[in-house]
Amino acid sequence: MPELPEVELIRRHLAPVVDGATVIDVAVSHERTARYNSGPEEVEQRLNARTFTSLARTGKFLHSELDDGQVVVAHLGMSGRFVVDGDDEPHTHFRCRFDNGHEIRFIDPRTFGFVAVCDQDAPLPGMLRLGADAWTTPPEPSRLAAMLQKRTAAIKALLLDQALISGLGNIYADEALHRARIHPLRPGGDLTDGETKRLLDAISVVLESAIDNGGTSLDDLAYLLPDGRAGENLGRLRVYGRTDQPCLTCGTPIEQVRVRARSTHFCPNCQAAGK
DNA sequence: AACGATCCCTGTTGGC
DNA sequence: TGCCAACAGGGATCGT
């Protein structure tokens, strides 16, 4: 499941292909991929003959303004991949050929992802409420503390709320909480100023090193580097997917609980429930 | 307004 | 071995 680091690496791969390129052929072949427009035809019509400007990323969203002021937005969801100049393969729901000779394809078996074209003054609902990007524009500790004030939900759940901070998903939320030594079930409003600062530092380190390591490729290989290799960050995860295995810091078995229908991994010793 | 539950979807896995 | 339920989760939506 691509999170901020994986989406950023995909952006870096796609940007040289799409920036300044003009669409000469586009085909959307799945209704759900076009669900934020009236259907595949609308996405095709609004994209055809348009020129991409600069491919950007906010949280887990990829977006580019077009030469006529529209905005194209893509989200990879759970299983979405972009491939440049690839071969035909199952679950290809979007193909776009450019005047520079390159073609990009969007492959998404679970169809949680999408490609949308919207007007600048009518962004997608999800992007409208998007909080500051967790990596490029993280909030000051005092600002995050203010946002967490009075919040009773588990800090893990709040980290997954893209309206607070955008870009963290289930893997990096667990990793950041472990690095910050904060129990995932602690109510957000109970965090001390010191813990809030630790959490922001941990988020920064966890995301940065994931990008440096080429992202996290899980066993399902839904995410791969542009050249087809697996990202190397899986072996560096300290809690995610390590239920019952010894904590790499203290040896205590990693525990797993569910928070907002998401598996949550933590060390009961390093991340004490009290404080 | 905040919070938790539910749903969408398909490939993979684990239990019997 | 084969079948099927359970599981994985980002985000929208809805009820409380």
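Below, chains carry the letters A, B, ... as their sequence lines are ordered, and counting in each starts from 1.
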Sugar-phosphate only, base, or nothing, as touched by [X] at under 4.0 Å among non-hydrogen atoms:
X: A:Ser79; result: nothing
X: A:Gln149; result: nothing
X: A:Tyr240; result: sugar-phosphate

Are any of the side-chain heavy atoms of [X] and [Y] separated by less than 4.5 Å?
X: A:Thr249; Y: A:His178; value: yes
X: A:Phe94; Y: A:His30; value: no
X: A:Glu103; Y: A:Arg95; value: yes
X: A:Ile155; Y: A:Leu148; value: yes
X: A:Leu199; Y: A:Leu177; value: yes

Atom [atom1] of [X] to atom [atom2] of [N]: distance rounded to whole Å?
X: A:Ile155; N: B:dC3; atom1: CD1; atom2: P; value: 11 Å
X: A:Met78; N: C:dC7; atom1: CE; atom2: C1'; value: 10 Å
X: A:Asp161; N: C:dG9; atom1: CG; atom2: P; value: 17 Å
X: A:Arg35; N: B:dC7; atom1: CZ; atom2: C1'; value: 12 Å
X: A:Arg110; N: B:dC7; atom1: CZ; atom2: C1'; value: 16 Å
X: A:Arg81; N: B:dT10; atom1: CZ; atom2: P; value: 16 Å
X: A:Tyr36; N: C:dG10; atom1: OH; atom2: P; value: 14 Å
X: A:Met1; N: B:dT12; atom1: CE; atom2: C1'; value: 12 Å

Any N or O donor-acceptor pair linking the side chain of A:Arg262 to the base of C:dG10 at under 3.5 Å?
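By the distance-only test, yes, there is a pair.
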When you measure from the side-chain N and O atoms of [X] to the phosphate of [N], is any distance below 4.0 Å, counting only OP1 and OP2?
X: A:Lys150; N: B:dA1; value: no
X: A:His75; N: C:dG10; value: no
X: A:Gln162; N: C:dG10; value: no
X: A:Ser263; N: C:dG9; value: yes

Closest nucleotide among [options] to the [X] side chain:
X: A:Arg258; options: B:dT10, C:dG9, C:dA8; value: C:dA8
X: A:Phe112; options: B:dC9, B:dT10, C:dG11; value: B:dC9
X: A:Arg129; options: C:dG9, C:dA12, C:dG10; value: C:dA12
X: A:Arg151; options: C:dA12, B:dC3, C:dG11; value: B:dC3
X: A:Phe61; options: C:dG11, B:dC8, C:dG10; value: C:dG11
X: A:Gln256; options: B:dC8, C:dA8, C:dG9; value: C:dA8

Relative to the 5' end of DNA chain B, which residue comes earlier, A:His30 or A:Ala261, by the nucleotide with the nearest heavy atom?
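Looking at the nearest nucleotide for each, A:Ala261 comes out on the 5' side.
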Are A:His93 and A:Phe106 close enough that their ring centers fall under 6.0 Å?
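Aromatic pair excluded; centres sit 6.0 Å or further apart.
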